[in-house]
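Inspection log for the structure reproduced underneath, given as structure tokens.
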Amino acid sequence: MTTVLEARGLKKRFGGNEAVKDVSFVVEAGECVVLAGDNGAGKSTVIKMISAVYTPTDGVVHFDGQLLTGQSPNAVREAGIETIYQDLALADNLDPGLNLYLGRETTHRILGIPFVATTEMRERAAEVLKGLGIAIPDPSAPVRDLSGGQRQAIAIARAIHWQAKLVIMDEPTAALGVPEQREVMALIERLKSKGVGIILISHNLPDIFAAADRIIVLARGVVAGERRPSETNDEEIVRMMMGATL
Amino acid sequence: MSTNTGASILKPLFSAWSWIFLIGILAFFELYARAETGQTFLFRIYNMQSIAIAASQILLLALGLTLVIVAGQIDLSIGFTTGLSAVVMALVVRAMGPDTGWGAVIMAMMVGIFAAVVVGLLNGWLVAILNVPSFIGTLGTYGIARGGALIVAGGATVSIRSDEARSFGNGDILGIPVPVVVAGLLALACHYLLTHTRFGVHTYALGANRASVERAGVNVKRHLIWLFIISAVTAGVGGLVYTGRFSAGAANAGEPILLYAVAAVFIGGASLTGGQGTITGTVIGAFIIAVIQFGLVFSGLPPYWQFVAVGLVIIVAVLVDQSKDKLTGAQS
């Protein structure tokens with residue numbers, strides 16, 4: 001296996017508050033690493049340091065052999081790290097195609113004047129979604145008409161389409177019903193089979209055990225432990241999430 | 001949802017409601033005119049031109065405003081941006097002396113538009129860089145543009161004598177009044193911008209969810225500044241047309257039109273929360289208002305009724321929009 005991402009000694013201080021004290025871990029290609037932890041454990045801060053929304057106070061992130069620390073969020077995305085936030089960051093009034101291509105729309109020229117290639121992007125989006133096992137009944141309808149699982153699929157399709165090598169997902173099943181949670185879990189499996197590395201943030205134990213190849217438990221800004229799902233159980237993970245109090 | 005057949009029948013009806021409404025009021029005035037005077041209302045060149053010119057004056061403010069509203073913002077300063085451009089153009093024409101030809105008039109127009117761009121930049125800076133809510137920020141520049149126009153004009157109307165400027169405001173090209181041609185070309189340009197360019201896609205996305213465009217790597221601040229510049233420029237062109245039509249620039253040239261421009265955008269299907277609206281809708285909205293204005297005068301009713309009528313149409317437009325959402329199951 002090849003390592004896609006290595007975070008070493010990450011630390012983030014906000015004023016007097018040290019949100020992340022010392023976090024190191026690696027993600028292999030095609031592997032799903034779950035960052036588990038209670039609220040305030042530092043999960044969100046860690047992923048924001050990886051996606052370059054925050055600059056670490058100390059520590060470095062290497063991705064695909066290059067140093068990412070200090071780069072812009074755009075440069076990080078260009079390098080192949082796609083972050084899917086809880087709110088999905090979709091434009092609800094646009095169709096799946098435009099959402100898939102948002103910020104990177106294709107155009108074609110008529111008499112030298114550029115026109116956004118809406119139909120082409122729509123067809124491409126339907127194809128990519130089909131590859132994920134998701135059929136969209138009306139590809140021209142705005143994404144607000146879609147189900148939670150389908151919307152999640154569009155966010156994931158965006159990552160696949162732009163050839164992300166690492167996808168970060170923040171609580172992807174938090175707002176979904178049970179069948180849609182299963183859909184998302186299936187999507188994660190497909191991403192893995194394409195060799196994409198995944199960092200999944202969750203504090204939902206069934207999700208953690210369903211998706212993870214490795215579980216990294218954060219508590220109070222440090223790595224409290226690292227386990228493979230087969231070597232551990234719910235109880236131990238919860239105990240680690242509660243941190244040093246035990 | 002989409003499985004509801006009742007809704008799917010109603011949906012096209014609702015999206016076409018402004019067309020139906022426009023045809024309805026045209027039919028109403030036509031029947032009224034025939035019954036009262038035995039003459040046609042609509043099929044007279046003079047009436048058609050008057051309605052089109054009134055609609056053009058509204059449109060010049062409403063076109064750029066449509067883009068701003070689609071992006072979820074508002075621009076209240078346009079009324080006095082129009083006035084500022086009108087006054088500045090008149091002052092430059094006057095400074096160059098009478099009968100100086102097209103060169104001077106075009107120069108004056110460029111300076112007038114430059115004044116508008118300054119207001120647009122100010123709006124953009126306030127909203128995009130200083131994060132001032134656009135309702136408040138542009139209310140501030142509304143005052144600044146108003147005062148600025150009155151100060152440079154010395155509080156008076158700046159009259160000019162220029163055949164070129166007059167022909168810009170009152171001439172016609174193949175029977176179509178020049179202001180209508182100008183508004184038509186700008187409407188085409190804005191329609192292209194909003195529906196066929198990446199800029200337009202980002203404008204819709206910005207109105208729906210700012211985070212979506214930000215995380216897609218679009219420079220949202222720069223985008224907002226451009227939107228306010230476009231809004232100021234179309235309003236500024238409105239000022240140039242005003243100065244041409246009346247051979248005078250007045251600080252309050254656009255002030256009575258501001259409300260109509262806002263109304264045209266909302267009648268045309270835009271929403272205060274952003275993410276919705278089209279140039280086609282705004283054009284129809286402007287024509288609805290122009291027909292009401294001209295129709296009421298034509299019918300011999302006291303002109304003040306036009307304010308009441310336009311007010312009622314705005315309320316109807318919002319009610320239709322709300323029931324459309326309810327009936328077709330769209331969430332807003």
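Every chain is numbered from 1, with letters handed out A, B, ... down the list of sequences.
Within a 6.0 Å sphere centred on CZ of B/F135, heavy atoms belonging to other residues, nucleotides or ligands number 12 at most. Other residues, nucleotides and ligands place no more than 12 heavy atoms under 6.0 Å from the CZ atom of B/F114. Annotation for B/R222: atom CZ does not count as buried by contact number, only 12 or fewer foreign heavy atoms lying within 6.0 Å. Under a cut-off of 6.0 angstrom, the local environment of CZ in A/R104 is crowded, with over 12 non-hydrogen atoms contributed by other residues, nucleotides or ligands.
Ranking A/N99, A/L88, A/I113 against chain B, the residue ahead of the rest is A/I113, based on heavy-atom pairs under 4.5 Å. Of all the listed residues (A/S51, A/A89, A/P137, A/A91), the one sharing the greatest number of non-hydrogen pairs under 4.5 Å with chain B is A/A89. Note on B/V213, B/V218, B/T197: by heavy-atom pairs under 4.5 Å with chain A, the leading option is B/T197.
Heavy atoms of A/R77 lying under 4.5 Å from chain B belong exclusively to its side chain. Neither the backbone nor the side chain of A/P73 comes within less than 4.5 Å of any heavy atom in chain B. The contact between A/L90 and chain B is made entirely by backbone atoms, counting heavy-atom distances below 4.5 Å. Both the backbone and the side chain of B/V201 have a heavy atom closer than 4.5 Å to some heavy atom of chain A.
Side chain of B/T141 to main chain of B/T138: a donor-acceptor pair is present (N/O by atom type, distance under 3.5 Å, no hydrogens or angles).
Less than 6.0 angstrom separates the ring centroid of A/Y101 from the ring centroid of A/W162.
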